[in-house]
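When reading the values below, keep in mind they use all heavy atoms of this one structure, side chains included, and skip hydrogens, waters and symmetry mates. Since the structure is predicted, the reported quantities are computational estimates derived from the model, not experimental observations.
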Amino acid sequence: MMKQASFVVVKITAICTPRLLKRMSDLLRWEQKDPSCNLPWKQKTLPLFAESSPLYHTSEKPEPLTVEEERDLQLAHERLEKICVKCLERDVPLLIDAEDTTIQPAIDYFGTLQQLNTTKMISL
């Protein structure tokens, strides 16, 4: 009898470049500082920051993501979704590992968004 894995661990840096994660994190932090900031790639999620969240990593308004970066972001979402679907099919919990504080907002965004999307898949 084959034993099932106790959980699957995902490093988001394995499915999305650290550079893009840093850019996303800067934009997410800037949006927290200035709610009028428009992030066309951002989907609706739960709040990523608390009032006490440190925003000092982003001291000036970052440039928007390029078309290529947005495409890479979509590919990363698709990669994570495939992993989540496989975990659901096999009834294996998924753990998204934390990273460096400079890119953690993007990691939290990926995790929160996928959690919401997976909940929708389960309820269908």
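- Here the OG1 atom belonging to Thr58 is positioned 9.0 Å from the CG atom belonging to Leu28, to the nearest 0.5 angstrom.
- At a threshold of 4.5 Å between non-hydrogen side-chain atoms, the residues Ile96 and Val9 do not count as touching.
- Applying the ring-ring contact (aromatic ring centres under 6.0 Å, His included) test to every pair with at least one member in residues 53-105, sequence neighbours left out, gives these pairs: His77-Tyr109, His77-Phe110.
- Atoms CD and CD, on Gln114 and Gln43 in that order, are 9.5 Å from each other to the nearest 0.5 Å.
- Criterion: ILVMFWY side-chain heavy atoms under 4.5 Å apart, direct or through other members. Under it, Leu55 and Ile103 are part of a common hydrophobic cluster.
- Atoms CZ and CD, from Arg71 and Glu68 in turn, are 5.0 Å apart once rounded to the nearest 0.5 Å.
- Residues Arg29 and Gln32 have side chains not in contact (no heavy-atom distance under 4.5 Å, counting atoms from C-beta outward).
- For Glu89, the CD atom counts as densely surrounded, since its 6.0 Å shell holds more than 12 non-hydrogen atoms of other residues, nucleotides or ligands.
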In a table with atom names and distances, give each donor-acceptor pair under 3.5 Å that connects a side chain of residues 14-22 to protein atoms at least two apart or in another chain.
unit_1	atom_1	unit_2	atom_2	d
Thr17	OG1	Leu20	N	3.1
Arg19	NH1	Glu69	OE2	2.7
Lys22	NZ	Asp26	OD1	3.0
Lys22	NZ	Asp26	OD2	2.8

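- Under the 4.5 Å side-chain heavy-atom criterion for Ile, Leu, Val, Met, Phe, Trp and Tyr, Trp30 and Trp41 are members of distinct hydrophobic clusters.
- Within the 4.5 Å cutoff, no side-chain heavy atoms of Pro105 are placed close to those of Leu48.
- Among residues at least two apart or in separate chains, there is no salt bridge (Lys or Arg N to Asp or Glu O under 4.0 Å) pair with a member in residues 109-118.
- Residue pairs meeting the salt bridge (Lys or Arg N to Asp or Glu O under 4.0 Å) criterion with at least one member in residues 42-62, sequence neighbours excluded: Glu31-Lys42.
- Partners of Gln104 by side chain to side chain contact (heavy atoms under 4.5 Å, CB included), not counting sequence neighbours, listed by chain and number: Ala98, Glu99, Ile107, Asp108.
- The side-chain heavy atoms of Leu80 and Ile12, taken from C-beta on, include a pair separated by under 4.5 Å.
- Under the side chain to side chain contact (heavy atoms under 4.5 Å, CB included) criterion, Pro40 pairs with Asn38, Glu70, sequence neighbours left out.
- For Lys82, the NZ atom counts as loosely surrounded, since its 6.0 Å shell holds 12 or fewer non-hydrogen atoms of other residues, nucleotides or ligands.
- Between atom CD of residue Glu81 and atom CG of residue Leu113 there is a gap of 9.0 Å, rounded to the nearest 0.5 Å.
- Between Thr101 and Pro54, every side-chain heavy-atom pair lies at or beyond the 4.5 Å cut-off.
- When atom types are taken as modelled, the side chain of Arg23 and the backbone of Pro62 share no donor-acceptor pair closer than 3.5 angstrom.
- Under a hydrophobic-cluster definition in which Ile, Leu, Val, Met, Phe, Trp and Tyr are linked whenever side-chain heavy atoms come within less than 4.5 Å, directly or via other members, Val92 and Leu94 are assigned to the same cluster.
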